[in-house]
Novice: 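Let me begin by handing over the structure; questions about it come next.
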Amino acid sequence: MRGWCLRLYVAGSNPRSVRACENLKVLCETHLAGEYEIEIIDLLENPSLARGDQIVAVPTLVRKLPEPVRRIIGDLSDTERVLVGLDLRPRR
């Protein structure tokens with residue numbers, strides 16, 4: 001098990017979902033190099049999985065580990081906001 005466990009909820013391969021996947025991979029390689037695990041869940045294929053993490057919008061990134069659990073909604077294009085949301089950078 002790696003240090004960071006991230007779960008990205010998407011809805012098919014629409015542009016926002018694709019952008020969120022791409023942005024997350026770049027962010028992880030840049031800031032968490034080798035210390036992360038990403039699980040991508042397509043809610044069009046498995047809608048019942050949304051309940052467990054209380055997903056109300058997609059795309060949504062859920063940081064499972066390290067605790068506490070955190071959620072970030074959107075395509076993750078605002079890198080600064082995502083880094084603050086994941087506690088990789090302090091709030092300004």
Side-chain angles (χ1 to χ4, degrees):
M1 176 64 191
R2 303 213 170 144
W4 289 76
C5 181
L6 305 169
R7 190 175 287 169
L8 180 62
Y9 289 88
V10 297
S13 59
N14 68 55
R16 284 177 54 87
S17 294
V18 171
R19 244 186 341 269
C21 289
E22 291 169 353
N23 289 336
L24 179 59
K25 288 175 185 172
V26 169
L27 186 135
C28 287
E29 279 303 309
T30 304
H31 298 278
L32 300 174
E35 298 297 320
Y36 67 93
E37 191 173 290
I38 297 173
E39 180 180 8
I40 297 176
I41 297 176
D42 186 342
L43 293 178
L44 293 181
E45 294 176 11
N46 298 301
S48 62
L49 295 178
R51 183 175 296 151
D53 279 325
Q54 301 172 335
I55 303 304
V56 295
V58 287
T60 296
L61 175 63
V62 178
R63 183 185 82 180
K64 302 294 276 182
L65 292 174
E67 292 186 332
V69 172
R70 297 199 178 254
R71 289 173 190 77
I72 301 169
I73 297 171
D75 67 7
L76 311 177
S77 58
D78 184 344
T79 303
E80 187 65 29
R81 184 177 142 260
V82 176
L83 292 174
V84 168
L86 291 175
D87 269 349
L88 286 169
R89 187 164 290 162
R91 298 181 199 279
R92 293 181 184 208

Novice: Do the side chains of Ile40 and Arg7 get nearer than 4.5 Å, heavy atoms only?
Specialist: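 The answer is no, as the side chains (C-beta and beyond) never meet within the 4.5 Å cut-off.
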
Novice: Applying salt bridge (Lys or Arg N to Asp or Glu O under 4.0 Å), can you list everything that pairs with Arg16, at least two apart in sequence or on another chain?
Specialist: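 Counting only residues at least two positions away or on another chain, Arg16 forms no salt bridge (Lys or Arg N to Asp or Glu O under 4.0 Å).
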
Novice: Other than Val58, what residues sit in its cluster of Ile, Leu, Val, Met, Phe, Trp and Tyr side chains whose heavy atoms are under 4.5 Å apart, directly or through others?
Specialist: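 Its cluster partners, ordered by chain and number, are Tyr9, Ile41, Leu43, Leu49, Ile55, Val62, Val69.
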
Novice: Does any non-hydrogen side-chain atom of Glu67 lie less than 4.5 Å from one of Leu65?
Specialist: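 They are in contact (side-chain heavy atoms under 4.5 Å apart), so the answer is yes.
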
Novice: So, does Ser17 use its side chain to make a donor-acceptor pair with the main chain of Ala11 at under 3.5 Å?
Specialist: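 Here the side-chain-to-backbone pair exists.
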
Novice: Taking the side chain as every heavy atom from C-beta outward, state whether Glu29 and Tyr36 have any atom pair closer than 4.5 Å.
Specialist: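 Yes, their side chains come closer than 4.5 Å.
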
Novice: Quick one, Arg81 and Ile72 - any side-chain contact, counting heavy atoms below 4.5 Å?
Specialist: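 A side-chain contact exists here, since the closest heavy-atom pair is under 4.5 Å.
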
Novice: Under a 4.5 Å cut-off applied to non-hydrogen side-chain atoms, are Arg63 and Asp87 in contact?
Specialist: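 Counting from C-beta outward, Arg63 and Asp87 do come under 4.5 Å.
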
Novice: So, the side chain of Arg19 versus the backbone of Glu22: is there a donor-acceptor pair under 3.5 Å, distance only?
Specialist: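 No; zero donor-acceptor contacts below 3.5 Å.
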
Novice: Side-chain contact, heavy-atom cut-off 4.5 Å: Leu24 with Leu6?
Specialist: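 In short, these two side chains touch, coming nearer than 4.5 Å.
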
Novice: Test side-chain contact (heavy atoms from CB on, under 4.5 Å) on Leu88 and Leu32; report intermediate values, then the result.
Specialist: CA-CA 9 Å; Leu88 286 169; Leu32 300 174; 3.7 Å; yes

Novice: Are any of the side-chain heavy atoms of Ile73 and Pro59 separated by less than 4.5 Å?
Specialist: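 SC-SC contact between Ile73 and Pro59 ruled out.
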
Novice: Hydrophobic clustering (ILVMFWY, side-chain heavy atoms < 4.5 Å, transitive) - are Val26 and Leu86 grouped together?
Specialist: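 No; tracing contacts between hydrophobic side chains, which count when under 4.5 Å, never links both residues.
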
Novice: Considering only heavy atoms from C-beta outward, does the side chain of Asn23 approach that of Thr79 to under 4.5 Å?
Specialist: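 Not in contact.
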
Novice: Are any side-chain N or O atoms of Asp42 and backbone N or O atoms of Leu44, one a donor and one an acceptor, separated by less than 3.5 Å?
Specialist: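 Checking the backbone N and O of Leu44 against the side chain of Asp42, a donor-acceptor pair under 3.5 Å is found.
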
